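As structure tokens, the structure follows; a few thoughts come after it.
From a predicted model like this one, the values you see are computed outputs, not experimental measurements.
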Amino acid sequence: MADRRAIQRNTAGVSMIVDLLPKIKIELVLDGNLADAAVDAIIKNASTGKIGDGKIFLSKVDEVIRIRNQERGLAAL
């Protein structure tokens, strides 16, 4: 990858080169019916089988409110 960066660290007298991988954060709020399909799509397209593929965190959102017009729930998505 062209975006890879490395830094050199000295720890306890030992010099190490640490490769840094670029990171991407994606946040989605979806209707619960779409969550499994979204997870499957992310895993299918993001998995390389190598360290650094990332993690998926799922959590419930109790309420969504669109500030502009005060829509709530699914209408606000």
Sequence neighbours excluded and cut-off under 3.5 Å, please list the side-chain donor-acceptor pairs for residues 35-47, or say none.
from	atom 1	to	atom 2	distance (Å)
N45	ND2	A41	O	2.8

Residues that I24 engages under side-chain contact (heavy atoms from CB on, under 4.5 Å), provided they are two or more places apart:
I26
Roughly how far apart are L74 CG and D31 CG, rounded to 0.5 Å?
5.0 Å
Cluster link L34 to L28, ILVMFWY, side chain under 4.5 Å
yes
Taking salt bridge (Lys or Arg N to Asp or Glu O under 4.0 Å) as the cut-off, I'd like each qualifying pair that reaches into residues 46-59, sequence neighbours left out, listed once.
none
Kindly indicate whether the side chain of K25, heavy atoms from C-beta on, has any atom under 4.5 Å from the side chain of E27.
yes
Output a table of donor-acceptor pairs, distance under 3.5 Å, between side-chain atoms of residues 57-67 and any protein atom two or more places apart or on a different chain; print 'none' if there are none.
from	atom 1	to	atom 2	distance (Å)
E63	OE2	G73	N	3.2
R66	NE	E71	OE1	3.1
R66	NH2	A75	O	3.3
R66	NH2	A76	O	2.8

Taken in chain and number order and not counting sequence neighbours, the residues that satisfy side-chain contact (heavy atoms from CB on, under 4.5 Å) with I51 are none
